[in-house]
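Quick notes on the structure that follows.
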Number of protein chains: 2
Amino acid sequence: MPRQTESRARLLDAALIVFRTRGYTATRVEDVCAEAGVTKGSFFHHFKTKEELAVAAAERFSEHADTLFAGAPYRAVADPRERLLGYVALRRALLDGPLPEVTCLLGTLVQETYEIHPAIGRAAGEHILAHADEVGAMAAAAKAACAPEADWSAEGLGRHIQAVIQGAFILAKAGGGTDAARECLDHLGRYLELLLPPVEEGRQAAA
Amino acid sequence: MPRQTESRARLLDAALIVFRTRGYTATRVEDVCAEAGVTKGSFFHHFKTKEELAVAAAERFSEHADTLFAGAPYRAVADPRERLLGYVALRRALLDGPLPEVTCLLGTLVQETYEIHPAIGRAAGEHILAHADEVGAMAAAAKAACAPEADWSAEGLGRHIQAVIQGAFILAKAGGGTDAARECLDHLGRYLELLLPPVEEGRQAAA
DNA sequence: TGATCCATACCGACTGGTCGGTATAGAAAG
DNA sequence: CTTTCTATACCGACCAGTCGGTATGGATCA
């Protein structure tokens, strides 16, 4: 009953970590099976192909992230500027741990597959952009409150925030470690603070 | 005799583009040979292994970049703040073209190999950090001129700039295209402008 | 001048291991 | 007994790397 469903879930969770460690192409189906404690027969019962697993894993990763962020404390912050800064602070705090566990599966996948496995690249890319749009919505609220006349778009800022986070992961993998990544998020936070001057009682900053 | 050396160079140049298109693992040695118009026999005459090719390609990419930037006009700008902004503007301008031709081989390689091919990951990572340090040196000059008391480090800012650029590539691959990448570099430029207030005649901005 | 030798570059058929995917049969559940 | 899931043996394509061989050109010496 839930046993069957459990194998599928175990395979997906295994994929999350194995793909982030070895990348898509270099991961063997049996690597995922071993990590999940399941055999190949079971794997191909649940997924038609390795590619299908990757698409499903991107989906699952995205759902995990949505759940995590939906329940995070920063969500309840009333002031939109502080809420946006709270998001960045959370992303910074999430940098604690080994790289394959803290980095983003979607960024890894899209980079490796965008030209050669369109289905995977598209799935991963869409989830990245969707998440960027959610952040963009927060940015829109903050912009409306702090810098309504500014000549940048909130959606663009949401994408920029995602880019900095993805870039921080690459920097960490390049040898900078999570410290360098954290420093990047500090710069990002500082940028947002400068870009969104806090509203003082009844006053609003211009662009 | 320069003919022979030419084959090696052709293989390296082919590797630059093929690795950026297909990634390291998914590229077959024969893909590189085909792109270079050279046979497998010739390949293994010049490189002991595919891994060795990747390390050499990272090196070559880095040299290409160094040459490009060393000869660029922004280098001659006297004002350190404008010089740094000029670098970012150049990076933005370089975004014109198909993704596999404008993206960074080093970021691609490090992401895919950092856990499974230490030699490649190390080489790519070191070149990224070395380039970040060069940018960091420019940032140091700008900081000294515009914000000597600021509580961020120039090296950290150099790394941040690299991270934004790498992140912009991922965003582009995620479906945002080069437009989204350009927008990121616009944000980066704006950040630097805010961070480094221009020095007015004889005055210096504080942190 | 040209005959001999050698080093470097190049060629492509072949091999041995790897790995995605299949076949098939058994276990568990209902 | 049927359906769903798991296990294992197996297949065949693929591909990094090998190997025996050819081509080219420069040096050496009579």
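In what follows, chains carry the letters A, B, and so on, assigned in the order in which the sequence lines appear, proteins first and then strands, with residues in each chain numbered from 1. Computed over heavy atoms, backbone and side chain alike; hydrogens, waters and symmetry mates excluded.
Closest of all the heavy-atom pairs between Ala124(B) and Leu109(B) is CB-CB, 4.0 Å.
Salt-bridge formation is not detected for the pair Glu115(A)/Arg22(B): no Lys NZ or Arg NE/NH1/NH2 atom is positioned less than 4.0 Å from an Asp or Glu carboxylate oxygen. No salt bridge links Asp13(A) with Arg10(A); every basic N to acidic carboxylate O contact stays at or beyond 4.0 Å.
Five base pairs at each end of the helix from dT1(C)-dA30(D) to dG30(C)-dC1(D) define two local axes, and these are offset by 10° (rounded to 10°).
Judged by distance alone with a 3.5 Å cut-off, a donor-acceptor contact links the side chain of Lys40(B) to the base of dA16(D).
An OP1 or OP2 oxygen of dT6(D) is reached within less than 4.0 angstrom by a side-chain nitrogen or oxygen of Ser7(A). The side chain of His46(A) places no N or O atom within less than 4.0 Å of a non-bridging phosphate oxygen (OP1 or OP2) of dT4(D). OP1 or OP2 of dC5(D) lies within a sub-4.0 Å distance of a side-chain N or O belonging to His45(A).
You'll find the side chain of Cys104(B) reaches within 4.5 Å of the side chain of Phe61(B), heavy atoms only.
Protein atom CD of Glu52(B) is 10 Å distant from nucleotide atom P of dG17(D), rounded to whole Å.
In terms of position along DNA chain C, the nucleotide closest to Ala26(A) lies nearer the 5' end than the nucleotide closest to the other residue of the pair Lys48(A) and Ala26(A). Judged by closest nucleotide on DNA chain C, Gly37(B) is the one of Gly37(B) and Lys50(A) placed further toward the 5' end.
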